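Contents: one structure, followed by commentary.
Residue numbering restarts at 1 for every chain, and letters A, B, ... go by the order of the sequence lines. Everything numeric here is computed off the predicted structure, so don't read it as measured data.
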Amino acid sequence: MVHALHSLATHAYGAAAVVYLVYLVRQWSPLPLVGRLLVALGAVLHGVGLGLLVLHQGGLPVGMAQAFSALAFLLVLIFLGLDVRYRLPVLGAFLTPFALAVLVPGFLLPSAGGLRDSLRRPLLPVHVSVALIGLAAFGAAAGIAVMYLLLERQMKGKRFGVLFSRIPSLQLLDDLNRRLVIGGFIALSLTVITGAFFVGGASYLEWQPKQVTTLVAWLVFGVLLGARAFAGWNGRRVAVLTMAGFCILVVSFLTAFDPLGGGGLH
Amino acid sequence: MELVCLGLSHQTAPLSVREKLAMPQERQAEVLQRISGAGMEVLLISTCNRVEFYAVSRSLEEVRAALRAEIARVAGEEALGHLYEHAGEGALVHLFRVASSLDSMVLGEQQILGQVKDSLELAQKIGAARGEVIRACSAAFSTAKRVRSETAIGRAAVSMASAAVELAQKLFGTLKARSVLVVGAGEIAELAARHFASAGGRIAVTNRTFSRAEALAAEVGGVASPFEQMGELLVATDVVVTCTASPAPIFEKGNVGAVLKPRKHRPLFFVDLAVPRDVAPEVGSLAGVYAYDVDDLQKVVAENTAARASEAARAEVIVAEEVARFVTARAQRNGVPVVATLRKHAERIAKNEVERTLSHFGAELTEKQRKSVEAMGMAIVNKLLHEPTARLRASGAEDGRLAGAAAELFGLEEVAEAPAPPEAPQAALAAGGAKS
């Protein structure tokens with residue numbers, strides 16, 4: 001049942017991704033609405049599937065496959081929110097393929113392995129949730145950063161491509177970047193704090209790769225927000241930094257899974 | 001007496017060539033004075049997008065040589081490679097299309113008609129445009145008027161200025177509460193200022209002559225700022241619209257780069273409507289600075305141009321109709337005086353010869369015999385001119401070439417110079433001729 005829902009959701013996202021990519025080439029007026037409906041349909045199926053999984057497991061999914069699935073779900077939700085609020089169907093051409101790319105490999109991975117007992121603590125679901133929310137927010141921010149850089153290059157080079165007529169303005173992309181990065185930064189901070197509680201005590205920082213990369217990403221985004229607030233950084237520089245920070249975070253996310261632990265977290 | 005057009009435009013020449021040939025009004029007046037003169041009428045249209053000479057002269061070769069020499073003098077030999085030439089009806093079609101904004105960079109933009117009107121005014125003031133050029137222009141103006149009222153090409157027209165507003169919106173989103181600095185106080189600057197003001201921008205105007213900045217600021221509901229405070233103005237503004245007659249760039253990498261930090265790297269958008277350019281090309285390479293010149297703006301409106309193709313096609317039909325109408329009217333205008341003058345010319349010869357012959361006979365001839373001789377002279381004229389007259393009148397409906405040829409063949413100078421009234425008074429002898 002859960003698998004069937006996931007499969008249907010994936011197909012809906014896939015169809016939506018095709019619709020949005022066609023929209024990049026052909027500006028037919030019904031395409032944005034069709035895409036949005038497909039994504040919404042996929043999100044409903046996906047959400048129900050994830051909900052059933054949580055019930056079935058009696059807790060938040062913590063395996064790599066489930067984490068990937070939840071991440072894709074969050075990305076899709078962010079996209080839907082932005083599209084409804086700002087009419088940004090073009091974002092679908094970036095975020096739906098992105099969500100698919102996160103979702104599909106999840107199927108190929110083994111389901112949740114056993115969790116080490118040392119990690120079975122009440123804070124774990126919170127830690128995992130904020131980590132995924134943060135990652136999704138930064139993922140959306142990175143997708144928007146790509147759009148920003150592409151449109152910015154068109155504006156600079158004065159060669160107007162398909163994005164030109166489909167993106168409202170560079171200013172809007174920059175604003176969205178700021179909001180998503182702030183949201184992601186808060187979630188990432190909570191991830192770090194809740195993560196610290198697992199280990200507890202003075203030795204919480206063990207300089208594990210995942211801790212180091214997470215802290216580096218946290219610093220990058222912190223510097224980014226600080227520079228935005230105090231030095232007036234914006235636009236291109238911020239977009240590049242966002243993408244860099246996101247890449248570091250992805251590495252951190254992947255190293256959070258212990259490859260020897262059968263895909264289990266930590 | 002054909003209209004000839006020699007020039008270059010955005011379609012044949014890059015900005016780097018056009019800006020060499022573009023001239024302020026005083027230069028235009030000089031040039032017009034230099035090449036117009038006896039037997040040659042000249043009109044010079046010089047805008048950001050085109051520099052065109054329209055001339056009427058007896059000899060096509062002569063006018064071509066004169067215009068090419070002038071163009072080479074002003075813009076160098078290189079410019080000659082970008083020239084196009086239209087003669088006769090082709091030149092009329094071109095003039096009508098230009099005035100109707102069918103040849104504009106932004107199809108259907110409304111500024112060109114005013115610019116052509118200004119050009120004619122200048123040429124008339126100097127005396128370079130007299131008969132034919134004035135008539136061709138007024139026909140072009142009424143064509144433009146028809147095109148504007150009968151097609152949708154003028155409606156929702158995308159001018160250079162509104163294209164600039166669209167680009168600024170692509171950068172800033174809404175322009176509400178964005179600061180727009182207008183540099184220059186000319187007509188183009190004013191038009192751009194109005195576009196930005198109606199999009200919600202807060203307008204500041206600066207100009208080397210402060211009083212003119214004040215006048216424009218009052219017109220468009222902005223504030224005037226001294227030109228000397230350019231540095232501070234640049235820090236405060238989001239958009240710079242510049243269209244001055246400055247021969248050298250006002251904004252360069254140095255002075256713009258210096259304000260980026262005080263601006264806290266907020267994006268800065270330059271709209272350079274001036275030719276020659278007010279913004280040096282390297283300015284656009286600065287981070288967060290977007291600089292568009294008149295050629296760049298063309299790319300933005302390319303899509304709109306395509307969407308208006310059907311309207312343009314309807315406008316072309318109007319142009320064709322108006323050119324045909326003008327040609328017919330001109331032929332009638334030219335053809336009729338040629339007939340009259342030719343007849344006058346022939347009658348004068350006949351009269352002189354008759355008088356000479358009669359003077360030999362003195363009183364030998366009776367009054368009746370004298371009348372007969374006079375009638376014979378007139379009859380010869382009538383018989384001889386019957387066919388040419390009929391043919392000239394018939395050809396009048398098509399074109400004026402036959403009339404021109406007749407005038408040329410018979411050496412009827414004064415017809416070409418100053419068209420006679422439609423029906424010239426008949427010579428005294430005509431009465432006698434009519435009796436025969």
Closest heavy-atom contact between A:Met155 and B:Leu167? CE-O, 3.8 Å
Interface moiety of A:Ile167 toward chain B, non-hydrogen atoms closer than 4.5 Å: backbone
Check whether B:Thr174 gets within reach of chain A through its side chain, its backbone, both or neither, counting any heavy atom under 4.5 Å. neither
Using a 6.0 Å cut-off, check whether atom CD of B:Glu252 has over 12 heavy atoms from anything other than its own residue. yes
Are more than 12 heavy atoms from other residues, nucleotides or ligands located less than 6.0 Å from atom CZ of B:Arg263? yes
Taking side chain to side chain contact (heavy atoms under 4.5 Å, CB included) as the test, write out the residues that go with A:Leu241, two or more places apart. A:Val220, A:Leu224, A:Trp233
With a 4.5 angstrom heavy-atom cut-off, which part of B:Leu260 approaches chain A: side chain, backbone, both or neither? neither
Answer yes or no: is there a donor N or O on one side and an acceptor on the other, between the side chain of B:Asp296 and the main chain of A:Lys158, under 3.5 Å? no
Where does A:Phe230 contact chain B at under 4.5 Å (heavy atoms): side chain, backbone, both or neither? backbone
Is B:Pro267 close to A:Asn234 at the side-chain level, that is, under 4.5 Å between some pair of heavy atoms? yes
I need the contact set between residues 74-94 of chain A and chain B: heavy-atom distance under 4.5 Å, sorted by residue number. none
With A:Gln171 as reference, evaluate B:Arg178, B:Lys170, B:Gln169 under the side chain to side chain donor-acceptor pair (under 3.5 Å) test and give the passing residue. B:Arg178
Rounded distance [0.5 Å steps], CG in A:Leu172 versus CG in B:Leu171: 12.5 Å
A:Gly235, A:Ser169, A:Ala231: which one forms the most heavy-atom pairs within less than 4.5 Å of chain B? A:Ser169
